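Step one of this worksheet: look at the structure below.
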Amino acid sequence: MTGVNRDILITRVLDGEATPEDWAAFRAMAARDQAVWADLADAQQDRADLAAAIADAIAVADRVEAPVHHHAGERLNARIRTGVAWLGWAAAAMVAVVGFTGRFGAVSSPGTEADTQQAGLFSISSPEDAMRLYLDKGLEAGSVLGELPDRVMLSSTPAADGNGYTVVYLRQIVERHHVDSLFQLGEDEIGQPVVVPMVPKRAKNVTY
Amino acid sequence: MTEIEGEYSDDGLLPLVAAAISRDPEAIRLLWDRQRRWVAALLLAYKPREADLEDLLQEVAMAFVRKIGELREPEAFKPWLRSVSINAARLAGRKQTTARKHSREFRLMVERSTERPVASDVVLAKREEGRRLLDLVTQLPEAYREPLLLRCLHGMSYREISRIVGLPETTIETRIARGRRMLRERAAGQEAVGRTEPAMPGPKNTKKTPPTMPPTMPPTGKTSEEVCDDRS
């Protein structure tokens, strides 16, 4: 029997694909050459070890979902981008003006009396009030250093009623917290990522 | 592991593919869930060494959702998904983002340090041997890597592999047999080098000893299949 036939026979036996004729041929081969058993055992162990390693490696697949909603959102965003691209500069200017004056009519509309909640001595009747309370309390406690004046615009669309625009933007709040130690990601001598302690440098012209 | 019997079979696949082609979100989701493991194994065969498997899978999943509606023949689904996956793997080397890779590796490092229970020396040695073999498989010629890795997925038969790869079953069988032979020779070669260079650091010596008794041989020859089941 040639080497290739021997390997194929072992592979069929190993993979459960052997026919009764294959088994007969395998037994006959093993009767002539006992080393066939050792080859089969080695192949069986390799296969088991390899299967375990592959199962480990591909376990990440269970975390990867088909991004169906993301795709739908992407298509919608593309349509919106196409429709309002020419309005971009105007909306950006509006955000800048609003940012400067600090007035957000759309989000600070007064609530009814029933909507108003009390938080200590503060009256919370809108999201803007809640944000103001968070900023004030944070500043008082030292966990909030302030809010950056610039808003980062993410999108702009004409308002549904035809008057003005709806803008989506980021507000940037700077916080301060105490941690016991700092680490950063570095590389060891063979290029593997390692976590190493970090000594932070403080900018000379910044005071908190 | 959450594998099920016949997970990779084509039973009931075509209606699901047809529904996915017509952009039914639930069908798309279900179809991807049934394919992602073999896609991951395929990516292992083709991805550049430094590319992150999860990143690649995300890219394939994205392309799958975006392009499934363009597929004309449901019968061509698996070869089509294979092409999408191989293209993603081949592009990966050029698009690797170091920052993303590092942040993911950092996260995995934390996960490993917090989640994994303490394993015995035997389990660790087996795991190390498996990783060494997987590393060797990725160095085999391309034609042998893919069928060898796909065959190690529970339930994937020669027939199913041949449908994905688009080659006759006999060719798949020959490649698996030759691939295993090459793998054993390379593993033995590595072990021999390890023995002659004791001062060099390397993987644990997990050299196998020949069995004193032959393995059990049932008439149907299914014993080895169950070996894979136990590990998966």
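The figures here come from the full heavy-atom set of this structure, side chains too, leaving out hydrogens, waters and symmetry mates. Quick caveat, the model's predicted, so the values are computed rather than measured. First the proteins, then the strands, lettered A, B, ... as listed; each starts at 1.
Results of the side chain to side chain contact (heavy atoms under 4.5 Å, CB included) test with V60(A) over D52(B), L57(B), D55(B) single out L57(B) as the only residue that passes. Screening R180(B), R184(B), R178(B), R181(B) for a side-chain hydrogen bond (donor to acceptor under 3.5 Å, both in side chains) with D7(A), the sole residue that qualifies is R181(B).
Here the side chains of I8(A) and I176(B) are not in contact, with every heavy-atom distance at 4.5 Å or above.
Heavy-atom minimum distance, D46(A) versus L133(B): O-CD1, 3.6 Å. Closest of all the heavy-atom pairs between T11(A) and A177(B) is OG1-CA, 3.3 Å.
Under a 3.5 Å cut-off, the side chain of W32(B) and the backbone N or O of P67(A) do not form any donor-acceptor pair. The backbone N or O of I58(A) lies less than 3.5 Å from no partner atom in the side chain of R36(B), so there is not a single donor-acceptor pair.
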With side chain to side chain contact (heavy atoms under 4.5 Å, CB included) as the criterion, how do Q45(A) and E129(B) come out once you've worked through the C-alpha distance, each side chain's angles and the decisive distance to 0.1 Å? CA-CA 10 Å; Q45(A) 190 168 346; E129(B) 176 66 4; 5.7 Å; no

Does the side chain to side chain contact (heavy atoms under 4.5 Å, CB included) test come out yes or no for D33(B) and E65(A), once each step is laid out? CA-CA 7 Å; D33(B) 287 355; E65(A) 304 290 339; 3.8 Å; yes

Would E17(A) and R159(B) satisfy salt bridge (charged side-chain N to carboxylate O under 4.0 Å, His left out), going step by step from the backbone distance to the final call? CA-CA 11 Å; E17(A) 304 257 358; R159(B) 176 174 298 176; over 6 Å; no

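Interatomic distance, CG of L50(A) versus CG of D135(B), reported as 11.0 Å (0.5 Å rounding).
Only the side chain of D39(A) has a heavy atom closer than 4.5 Å to any heavy atom of chain B. Contacts of L43(B) with chain A are absent, with no heavy-atom separation under 4.5 Å from either backbone or side chain. Contact of V137(B) with chain A is made through the side chain alone, with heavy-atom distances under 4.5 Å. Both the backbone and the side chain of L149(B) come within contact range of chain A, judged by heavy atoms closer than 4.5 Å.
A salt bridge links D62(A) to R37(B): at least one charged side-chain nitrogen sits closer than 4.0 Å to a carboxylate oxygen.
Contact count versus chain B (heavy atoms, under 4.5 Å) is highest, among A53(A), A35(A), A43(A), for A53(A).
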